[in-house]
Protein chains: 2
Amino acid sequence: MFSPQALQARLTDFRCRCAAAGLAATHQRFVIYRILLESKDHPSPEAVVARVREQIPSISHATVYKNIHTFVEMGLIREVNLLHQTSRLDANLDRHHHLVCEQCRKVVDFYDESLDRAQAAEPAPHGFAIRRYQVEAHGLCSECQSAGGES
Amino acid sequence: MFSPQALQARLTDFRCRCAAAGLAATHQRFVIYRILLESKDHPSPEAVVARVREQIPSISHATVYKNIHTFVEMGLIREVNLLHQTSRLDANLDRHHHLVCEQCRKVVDFYDESLDRAQAAEPAPHGFAIRRYQVEAHGLCSECQSAGGES
DNA sequence: ATAAATGCAAAGGATTTGCCGTCAA
DNA sequence: TTGACGGCAAATCCTTTGCATTTAT
């Protein structure tokens with residue numbers, strides 16, 4: 001994911017950001033973050049648990065899950081899939097896109113011709129065959145804005 | 001989601017497509033599909049179970065879940081979130097997009113300036129505040145193409 | 001008649017919770 | 001010292017599975 005130098009830089013930043021946020025720089029927390037930085041494959045929390053256990057065999061699921069949440073809140077990492085708690089179904093097959101609320105996970109249809117035209121200039125890497133583009137616009141729905149979406 | 005006429009048309013189509021696919025036109029199957037057509041909110045399977053139970057109180061989870069899978073395979077409905085089995089994490093905060101394999105759910109980073117420029121021409125509906133755009137390109141990775149991705 | 005579909009209940013996997021002991025600051 | 005953190009185990013939620021019964025064709 002990162003060059004060795006960039007990796008070092010981020011790990012140093014990490015200590016600062018923990019200090020700034022008033023978070024203890026525990027060994028577990030540090031290893032979990034390093035594993036995430038080194039992972040090129042968008043791992044699941046379970047995969048992170050497995051990788052961390054190679055270095056800290058006794059680490060618990062709870063610790064890994066809690067730290068992942070902390071990192072997301074700090075903005076240190078992101079979830080690729082905002083909507084992963086459950087499947088979400090759509091019987092509307094017309095060309096359209098989705099607004100996804102980062103707070104409450106509401107999904108709203110979004111018809112927009114500019115977005116319909118989104119198309120890559122580069123060929124897809126690794127021989128990946130693209131079938132369709134789907135734009136997700138992430139943000140806050142009006143309810144969550146008024147509720148104070150300072151997440 | 002659809003006008004009354006469009007709804008009727010789709011329900012008629014539905015019977016034809018079931019017949020064509022050799023699927024029995026059961027009452028349960030029909031009601032599940034109608035609920036999906038009428039739902040404007042991208043419901044979860046659990047939400048579909050709840051709505052169907054207003055009409056068929058005795059319907060089982062298994063029936064709803066199995067039919068949803070059948071409908072997705074037939075292409076009658078789509079999943080908004082291809083990646084919903086588990087969270088997927090990304091420590092790479094650089095601007096980039098994702099290729100998602102419809103078959104094996106692998107996620108590959110995709111850097112492309114054209115996609116970076118994706119932006120709506122229309123204002124977002126319902127006062128939704130867009131924070132960032134994220135393009136997902138859905139298709140088949142090279143491994144799944146060779147394996148015969150005739151899903 | 002017969003293959004497919006439903007319903008039930010139990011199992012499975014991911015994630016969260018509460019509580020207690022431990023550690024970083 | 002002390003509040004935050006880690007570990008454990010149980011609980012929860014979503015989804016799948018196996019099997020016996022019913023139903024559509």
Side-chain angles (χ1 to χ4, degrees), chain A residues 14-36 42-53 55-74 76-77 79-89 104-105 107, chain B residues 14-36 42-53 55-74 76-77 79-89 105:
Chain A
F14 177 65
R15 293 193 183 285
C16 297
R17 298 205 42 182
C18 284
L23 294 173
T26 64
H27 180 53
Q28 287 88 338
R29 180 164 283 162
F30 194 72
V31 170
I32 294 167
Y33 182 60
R34 181 156 42 75
I35 292 289
L36 283 166
H42 312 84
S44 68
E46 288 298 324
V48 175
V49 169
R51 289 173 206 182
V52 173
R53 283 198 169 151
Q55 295 173 47
I56 311 177
S58 63
I59 204 166
S60 69
H61 280 83
T63 298
V64 174
Y65 276 91
K66 285 172 190 168
N67 274 296
I68 285 172
H69 284 152
T70 302
F71 296 163
V72 170
E73 277 162 29
M74 293 170 71
L76 279 174
I77 65 173
E79 294 176 316
V80 171
N81 46 346
L82 240 42
L83 303 169
H84 61 267
Q85 303 170 322
T86 179
S87 177
R88 296 294 213 91
L89 306 168
C104 70
R105 265 56 176 177
V107 179
Chain B
F14 177 65
R15 294 193 181 285
C16 296
R17 297 203 46 179
C18 284
L23 294 172
T26 64
H27 180 53
Q28 287 88 337
R29 181 165 283 161
F30 193 71
V31 171
I32 295 167
Y33 182 60
R34 181 157 40 76
I35 292 289
L36 284 165
H42 311 84
S44 68
E46 289 298 324
V48 175
V49 168
R51 289 172 204 183
V52 173
R53 282 197 170 153
Q55 295 174 47
I56 311 177
S58 64
I59 203 165
S60 68
H61 280 83
T63 298
V64 174
Y65 276 90
K66 284 173 189 167
N67 274 296
I68 285 172
H69 285 154
T70 303
F71 296 163
V72 170
E73 277 162 29
M74 291 170 72
L76 277 175
I77 65 172
E79 294 177 316
V80 171
N81 47 347
L82 239 42
L83 303 169
H84 61 267
Q85 303 171 322
T86 179
S87 176
R88 296 294 213 91
L89 306 168
R105 266 54 176 177

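Chain naming here is simple, since letters A, B, ... match the order of the sequence lines and numbering starts at 1 in each.
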- [ ] Identify whether the distance between the nearest side-chain nitrogen and carboxylate oxygen of A:Arg105 and A:Glu79 falls below 4.0 Å.
- [x]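 Judged by the 4.0 Å cut-off on N to carboxylate O distance, A:Arg105 and A:Glu79 do form a salt bridge.
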- [ ] Describe, in one word, how the ring planes of A:Tyr33 and A:Phe14 are oriented to each other, choosing from parallel (under 30°), tilted (30 to 60°) and perpendicular (over 60°).
- [x]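 A:Tyr33 and A:Phe14: parallel rings.
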Over how many whole Å does the gap from [X] atom [atom1] to [N] atom [atom2] extend?
X       : N      : atom1 : atom2 : value
A:Gln28 : C:dA24 : CD    : C1'   : 11 Å
A:Ile68 : D:dG6  : CD1   : C1'   : 15 Å
A:Ile59 : C:dT22 : CD1   : C1'   : 15 Å
B:Phe30 : D:dT23 : CZ    : P     : 19 Å
A:Leu89 : D:dC14 : CG    : P     : 13 Å
B:Lys66 : D:dT23 : NZ    : C1'   : 14 Å
A:Arg29 : D:dG7  : CZ    : P     : 12 Å
B:Gln85 : D:dC13 : CD    : P     : 21 Å

[X] vs [N]: side-chain N/O to OP1/OP2 distance below 4.0 Å:
X       : N      : value
A:Ser87 : D:dT15 : no
B:Thr26 : D:dA24 : no
A:His84 : D:dC14 : no
A:Tyr65 : C:dT15 : yes

Open item on the list: Do B:Ser44 and A:Leu89 make a side-chain contact, defined as non-hydrogen atoms from C-beta onward lying under 4.5 Å apart?
Closed with: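 Answer no - side chains too far apart.
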To the side chain of [X], which of [options] is closest?
X       : options                : answer
A:Ala24 : D:dC5, D:dT15, C:dG7   : D:dC5
A:Ala25 : C:dT15, C:dA25, D:dT17 : C:dA25
A:Ser58 : D:dG7, C:dA9, C:dT15   : D:dG7

Open item on the list: Nearest heavy atom decides the nucleotide; on that basis, is A:Leu23 or B:His61 closer to the 5' end of DNA chain D?
Closed with: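 Of the two residues, A:Leu23 wins.
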Open item on the list: Judged by each residue's nearest nucleotide on DNA chain C, which is more toward the 5′ side, A:Pro45 or B:Asn67?
Closed with: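 Nearer the 5' end of the strand: B:Asn67.
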Open item on the list: By nearest heavy atom, map B:Ile32 and A:His27 onto DNA chain C; which one lands nearer the 5' end?
Closed with: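 Per heavy-atom nearest nucleotide, the more 5' residue is B:Ile32.
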- [ ] Check the side chains of A:His84 and B:Gln85 for a donor-acceptor pair under 3.5 angstrom, ignoring hydrogens and angles.
- [x]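 Short answer, no.
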TODO: Would you check if there is a donor-acceptor pair between the side chains of A:Arg29 and A:Asn67 at a distance under 3.5 Å?
DONE: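 The answer is yes; a qualifying pair exists.
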- [ ] Looking at every strand, decide which applies to B:Glu46 at a 4.0 Å heavy-atom threshold: base, sugar-phosphate, or nothing.
- [x]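 It contacts base atoms.
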- [ ] Quick one: label B:His69 by what it contacts on the DNA or RNA (base, sugar-phosphate, nothing), any heavy atom closer than 4.0 Å.
- [x]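 Here B:His69 touches the backbone only, sparing every base.
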